[in-house]
Every structure is written in structure tokens, then in C-alpha cells.
Enquirer: 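The following block contains the structure, expressed as C-alpha cells.
Since this is a predicted model, take the numbers as computed values, not measurements. Sequence lines set the chain letters: A, B, ... in the order given, protein chains first and strands last, and positions in each chain run from 1.
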Amino acid sequence: MENIENVIKHYKTETNHYKNGLIKAKYTSAKIYSIKPLSKTLYLVKTITKNEIPDPKPPQFVMTWIPGAEAIPLSIAWYDRDELWFIVKPVGETTNKLVKMQKNTYIGVYGPLGKPLLPMSRGKYLLLAGGSGLAVITHYMQKICLGKNYCETVYGAWSPEEVGIIPDYIRKLGGKPVTACLDNECDINGLATDYLDYVDIENYNYIIACGPLGMLREIASRINNRYHDKVILVLESMVKCGLGLCGSCRIFPGKNIFLCIDGPGFYLKDIREYLLGDEE
Amino acid sequence: MTCLKTRVTGIELRHPIMNASGVLALSEEALEKLIESNVSAIVTKTLTLKPREGYPPPIIVPIGNGLVNAVGLANPGIDALPFIVDTVKKETLPVIASIGGKNIDEYLALAVKAEEAGVDAIELNLSCPNVLGYGLHSNIDTGDIVKNVKGSVKIPVWAKLGFSKDIVEEAGKALSNGADALVLINTLPATVIDVYAMKPVLSNKVGGLSGPPIHPIMLYTVYTVYREYKCEIIGVGGVTDWASTIDTILAGARAVQIATAFYLKGYGVVNEILNGIKKYMEEQGIKHLEELIGKAHD
């Protein structure tokens with residue numbers, strides 16, 4: 001007879017959701033009450049949920065359903081009781097429809113999805129956002145910057161028009177804005193990651209970044225190994241169910257890491273080799 | 001010493017918990033995730049002759065402790081099966097191919113390909129509630145499909161049936177036509193309407209309910225079917241902890257399948273359930289899990 005202990009412990013898998021304090025997602029309707037451009041390419045969409053969802057922590061996200069269109073994963077930009085805000089870049093049919101919705105119309109959301117990854121220590125934070133990656137970064141700012149910690153927030157875009165009033169928004173959330181674009185009108189004429197050339201990583205307790213994969217790869221290759229346990233990278237991928245059941249949100253080929261249950265945030269030490277892949 | 005082994009249609013399982021069809025079981029990465037969860041067999045997503053994209057999101061909506069889903073039989077097609085079998089067999093786990101066809105010819109072709117791929121058993125998905133032309137929405141007779149498939153393969157054939165008022169009769173039809181085991185039950189037809197958007201949320205408008213809300217209905221089905229036929233049954237529906245596994249076995253199931261539990265508790269849920277079963281069996285002085293099969297009928 002096979003020893004029962006061997007049967008159970010053949011594989012060591014904890015109940016991740018319990019271990020990491022995750023609770024199940026809830027569906028709610030949400031009323032849009034404001035849609036305003038932050039820049040030429042980003043919109044701040046503010047909604048009020050009809051029912052509270054379990055308190056989301058960055059970098060968790062929600063599946064957002066636009067009636068008459070598809071549901072898409074959207075990072076939470078701000079959450080407080082029934083206030084749920086998004087920062088949306090209209091790039092496809094669904095996001096274009098969302099930013100054109102009328103005030104007082106409804107969308108549906110379910111979440112929070114993904115794992116919380118929120119550093120608890122006080123100190124100095126360097127936050128880097130590229131494009132719509134700003135949403136995740138502003139949710140982090142709500143939790144760790146506002147009245148709590150020193151934060152420098154670098155926002156990178158291609159042109160000054162894409163920067164718009166984002167520096168003001170960053171200031172409101174308690175961050176010192178630094179802008180990067182391919183123009184002298186920005187603080188840095190270059191990419192958001194170029195800021196790493198001007199600062200000493202040693203001086204920050206945490207570095208958190210969200211943006212296109214190329215930007216995250218650049219961070220992974222620029223930051224010295226010894227700091228990899230204080231760098232959090234938030235990834236994006238296609239999501240279908242958001243609940244860990246369909247397997248659509250595989251992030252790295254050949255690795256059984258799924259964005260909606262294992263991510264979307266990871267310490268750089270845990271994903272550096274997958275991110276850099278052949279470059280190593 | 002406590003023994004969790006069970007046997008379904010001659011296939012030995014080191015414990016009674018498999019995944020239900022529909023959970024992962026597509027890519028190599030997803031299979032690894034399932035294997036790591038410690039399930040005792042892998043049940044594939046329902047495979048059709050040609051790959052299917054499935055429906056666009058929303059394909060699933062969380063409702064209380066349950067889920068309402070309409071995935072639309074998204075799958076890579078039966079030709080992906082040899083890869084799935086190779087990946088799972090490296091871990092020496094049994095593979096059950098779930099197959100779904102629009103007519104008897106499709107079922108036959110799928111069953112033959114599944115047997116050739118080296119699966120341990122075939123699960124006939126006769127009860128998908130979400131896709132036109134398949135499962136509940138097909139006009140083919142359960143008995144005819146089972147009889148024809150049984151006549152063309154040597155491996156065990158499991159028939160997955162949904163709940164209906166005629167379930168005992170339907171089960172009898174599957175069994176009399178040669179089904180080696182019954183998988184009871186599929187999701188229950190359901191939908192979710194957003195009262196503010198005033199529209200169904202799922203892109204397919206309607207879908208199927210899974211999870212703890214359907215557990216008592218599954219239990220009733222397993223209990224009444226076992227009482228009638230004393231047949232081999234795999235229970236599916238709202239199994240999320242040791243108690244809902246044990247009651248399903250007491251009702252007559254030889255094994256269970258789980259899906260929503262992975263969402264509710266994560267991929268460690270299998271080991272959590274096994275630890276609970278072990279404690280229960282020790283408390284009750286039960287040495288072999290198989291002693292509990294159908295015991296509620298004594």
C-alpha cells in the first residue's frame with residue numbers, strides 16, 4: 001500500500017490563494033461618471049461601483065465588460081470603497097468604445113484578479129511607467145506614496161503631447177514627476193529607462209515598473225543583480241477568463257507561469273532569465 | 001495506514017481527485033500546472049475534430065461561490081492530443097480524452113483518434129450546455145453515440161451527462177449501450193444579467209453554472225443513479241473540500257473531478273482536500289477509501 005503521506009506530498013503545492021491572502025473575485029456594475037484626457041493618448045475613466053469588490057491591492061486588475069463589446073483586462077488606477085478608476089489607452093475596438101462612453105452609463109467589472117504585490121517597508125521609491133502602464137503605477141502611488149513615502153515617478157512616452165497633464169496627476173498622488181520623451185520639452189530627451197543612468201539604485205528601497213515588454217527588458221538588463229529583490233515588474237498579457245482556468249494568459253513560453261494567478265507583478269529576481277531569454 | 005487509491009473502469013488512480021474537463025490541459029505549460037497540483041489523472045478540455053477559438057470574453061462570470069461560464073468549447077482540436085498524452089505520460093498519469101462531436105460520425109472519428117493517441121479512457125461530452133450543435137443542443141441520441149463509440153474502441157468509455165428530470169433514464173440508456181462509467185454532472189444551464197446594463201453579461205448570452213451552488217444537485221444525481229444501477233460513477237459539481245468529496249463518494253462515486261475549486265482555492269486545493277480526507281478516514285477508522293463508495297446506501 002502506498003503511504004498516504006507520499007500521495008499527498010508527492011508535489012508540494014500550497015493553496016496559493018489562501019497563502020497570499022487572495023480572496024475570490026466579485027462581479028459588479030459600475031457607473032461611469034467622468035472620462036477626461038490626461039494626454040493625447042491616455043484617458044482617466046472614473047466609475048462608481050454598485051457593489052464593493054474585495055479591496056484590491058496593486059498590481060491587481062479587473063476584467064472590464066463594455067456592454068455590446070468584449071471584456072478586457074484593465075489595471076486598477078485608483079480604488080476607494082466604491083470609487084474605481086482606470087487609465088485607458090484607446091488602442092482597440094473595446095478601449096475606443098470605453099473612452100467614448102457617456103456619463104451615467106454602465107459597464108461591468110469582476111475582480112480583483114491576480115496577486116497583490118505590495119511592499120510594506122517605508123522609504124524611497126522609484127516608479128517607472130510607460131504608456132498605459134501608468135495605471136498600475138498610480139494605484140501603487142495611492143497605496144505607498146500619498147502622505148507615506150518619498151516617490152519619484154518617471155513617465156515615458158514618445159512625444160510631449162502624450163505627456164499632457166500627467167505630471168500634475170503624479171503630483172496629486174504624492175509623487176515627484178519626471179517625464180521622458182523623444183523631445184527636449186520633457187525632463188529627459190530619451191526613454192523612461194534612461195533615468196536609471198542619472199540615479200543611484202542603491203538610494204531606493206524599491207523600484208516598481210510597468211510598461212511595454214521592451215521597457216521591462218531594458219530595466220532587467222540595466223539593473224545590477226544585487227538589487228533584483230527590490231525591483232517589481234508588472235507585466236501585461238492577453239487574458240480571457242482571468243481566474244486561472246483557461247490557460248490563455250501564459251507569459252513566458254515553456255514556463256508554467258500564468259499572469260492572472262501568478263502575476264501580474266513579479267520580483268525581477270524571479271523572472272529575469274525568462275525576460276531576457278536568448279540575450280543571456 | 002490509510003489508502004486513498006481508487007479504481008475507475010480498471011484504471012488505477014492513486015487518489016480520487018482529477019480535474020474536470022475545461023480546466024487548463026491544453027499547452028505544455030498548462031498541463032504542468034495541472035500535474036503540479038497533484039491530480040490523479042488529467043482530463044483534457046473537450047476536443048473537437050477541428051480547433052475552435054471559443055467565444056470572446058466575457059466567457060465567465062463569478063457569482064457568489066460559483067461561476068457561470070460559456071467558453072464555447074475552445075480547444076486545439078483532436079490532433080493536439082498526441083502531444084498532450086506525451087506530456088502527461090512522462091509523469092505516469094492516466095489521461096482521459098474528453099471529446100465532443102456534432103454527430104455520430106464525428107464522435108467515432110474522435111474516439112478512434114483518441115485511442116490511437118494512447119489515452120486511458122474516453123469521456124464523451126454529451127452535455128455541454130453552451131454550444132449549438134453540441135451536447136445539450138444536438139439531436140443525437142445518447143444511447144446511439146455510446147453504442148457506436150463502444151463498438152469502435154477497446155478502451156473504457158465514460159459518458160458525461162448533465163442533470164435533467166430524466167437523468168436516471170438517460171443514465172440507464174448510456175449504461176445499457178455499453179458506457180463503462182458515468183460522469184455526473186455537467187454545468188447547469190444558467191445566465192447572468194446585469195441589471196444596470198440590462199443585458200446578459202456572457203458574450204454567448206447563456207452558459208452553465210458550476211461550483212458549490214450545484215453540489216447538492218450533483219449529489220442527488222449520483223445518489224439516485226447509483227441507487228438504480230450500482231454503476232461506476234465519477235462525481236463532478238461543486239467539489240471544493242474533503243467533505244464534498246466524501247459525500248460524493250458515499251453517494252456512489254468512485255472518484256471526483258474538480259474545476260471551480262481551482263479558482264476558489266488555487267492549485268493547492270487537491271492537497272488540501274487529500275489532507276482533509278486522510279484526517280476524516282483516520283477519525284472514522286477507515287483504511288481504504290474504496291470502503292466508502294456508495295456507503296450511504298447501506
Side-chain angles (χ1 to χ4, degrees), chain A residues 1-20 22-31 50 63-73 94 105-108 110-111 239-248 250-258 261-262, chain B residues 1-5 14-15 22-38 40 45 54 56-65 67 69 71 74 192 194-199 201 203 259-260 262-272 274-275 277-278 281 287-288:
Chain A
M1 191 185 293
E2 190 173 4
N3 186 322
I4 193 167
E5 298 296 341
N6 292 338
V7 173
I8 296 171
K9 289 179 181 163
H10 186 57
Y11 296 101
K12 289 179 184 169
T13 309
E14 304 278 341
T15 41
N16 290 329
H17 287 51
Y18 284 166
K19 190 182 161 196
N20 295 302
L22 269 189
I23 32 179
K24 59 185 183 294
K26 282 191 176 162
Y27 177 86
T28 178
S29 316
K31 183 161 79 173
K50 298 305 282 186
M63 285 301 282
T64 308
W65 169 59
I66 289 85
E70 291 190 9
I72 48 168
T94 308
T105 54
Y106 287 88
I107 58 174
Y110 66 84
V239 174
K240 275 191 94 172
C241 80
L243 305 174
L245 298 176
C246 75
S248 301
R250 178 195 69 171
I251 309 172
F252 305 109
K255 304 289 164 197
N256 68 2
I257 300 174
F258 294 88
I261 48 173
D262 300 312
Chain B
M1 203 183 283
T2 323
C3 177
L4 290 178
K5 270 184 193 166
R14 64 174 195 274
H15 65 71
V23 180
L24 300 177
L26 285 180
S27 63
E28 187 177 358
E29 297 88 344
L31 286 166
E32 274 176 25
K33 196 93 174 173
L34 263 185
I35 292 164
E36 274 182 15
S37 79
N38 197 19
S40 60
K45 286 199 84 161
I59 55 170
I60 203 158
V61 187
I63 291 293
N65 276 331
L67 296 172
N69 85 79
V71 174
V192 179
D194 185 310
V195 295
Y196 295 99
M198 300 184 188
K199 284 184 168 56
V201 179
S203 64
T260 307
F262 288 122
Y263 150 65
L264 290 171
K265 295 184 166 180
Y267 281 84
V269 67
V270 178
N271 281 343
E272 183 198 290
L274 294 176
N275 277 313
I277 295 176
K278 177 192 165 214
M281 287 171 67
K287 285 197 166 61
H288 297 268

Enquirer: Are the side chains of A:Phe258 and B:Glu29 in contact, using a 4.5 Å heavy-atom criterion?
Expert: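 Yes, side chains in contact.
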
Enquirer: Against chain A, label B:Leu67 side chain, backbone, both or neither, depending on which of its atoms sit under 4.5 Å from a heavy atom there.
Expert: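 When you check distances to chain A, only side chain atoms of B:Leu67 fall under 4.5 Å.
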
Enquirer: About how many Å separate CG of A:Leu245 and OG1 of B:Thr260, when rounded to the nearest 0.5 Å?
Expert: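 Atom-to-atom, B:Thr260:OG1 and A:Leu245:CG are 7.0 Å apart.
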
Enquirer: Quick one: do A:Trp65 and B:Val61 satisfy side chain to side chain contact (heavy atoms under 4.5 Å, CB included)? Show the steps, please.
Expert: CA-CA 10 Å; A:Trp65 169 59; B:Val61 187; over 6 Å; no

Enquirer: What distance do B:Tyr267 atom OH and A:Ile261 atom CD1 have between them, rounded to the nearest 0.5 Å?
Expert: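 Going from OH on B:Tyr267 over to CD1 on A:Ile261, the span is 5.0 Å.
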
Enquirer: Return the minimal non-hydrogen interatomic distance between A:Gly108 and B:Asp194, and the atom names on each side.
Expert: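 Between these two residues, the closest heavy atoms are CA-OD2, 4.2 Å.
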
Enquirer: Please name the pair of heavy atoms, one in A:Glu70 and one in B:Pro56, separated by the smallest distance, quoted to 0.1 Å.
Expert: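 Where A:Glu70 meets B:Pro56 most closely, the heavy atoms are OE2-CB, 3.3 Å.
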
Enquirer: How close do B:Ala197 and A:Tyr106 get, heavy atom to heavy atom, and via which atoms?
Expert: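 For B:Ala197 versus A:Tyr106, the nearest heavy atoms are N-CB, 4.2 Å.
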
Enquirer: How many angstroms lie between CD in B:Glu32 and CZ in A:Arg250, if you round to the nearest 0.5 Å?
Expert: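 So the gap between those two atoms works out to 11.0 Å.
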
Enquirer: Which atoms of A:Tyr27 are under 4.5 Å from chain B, going by heavy atoms: the side chain, the backbone, both sets, or neither?
Expert: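 Interface part for A:Tyr27: both.
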
Enquirer: If only atom types and distance count, is the side chain of B:Tyr263 paired as donor or acceptor with the main-chain N or O of A:Ala25 below 3.5 Å?
Expert: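 Yes.
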
Enquirer: As an exercise, state the distance from NZ of A:Lys24 to CG of B:Asn65, rounded to the nearest 0.5 Å.
Expert: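 Spacing of NZ (A:Lys24) from CG (B:Asn65) equals 4.5 Å.
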
Enquirer: Most heavy-atom pairs under 4.5 angstrom with chain B, which of A:Met63, A:Lys31, A:Lys50?
Expert: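 It is A:Lys50.
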
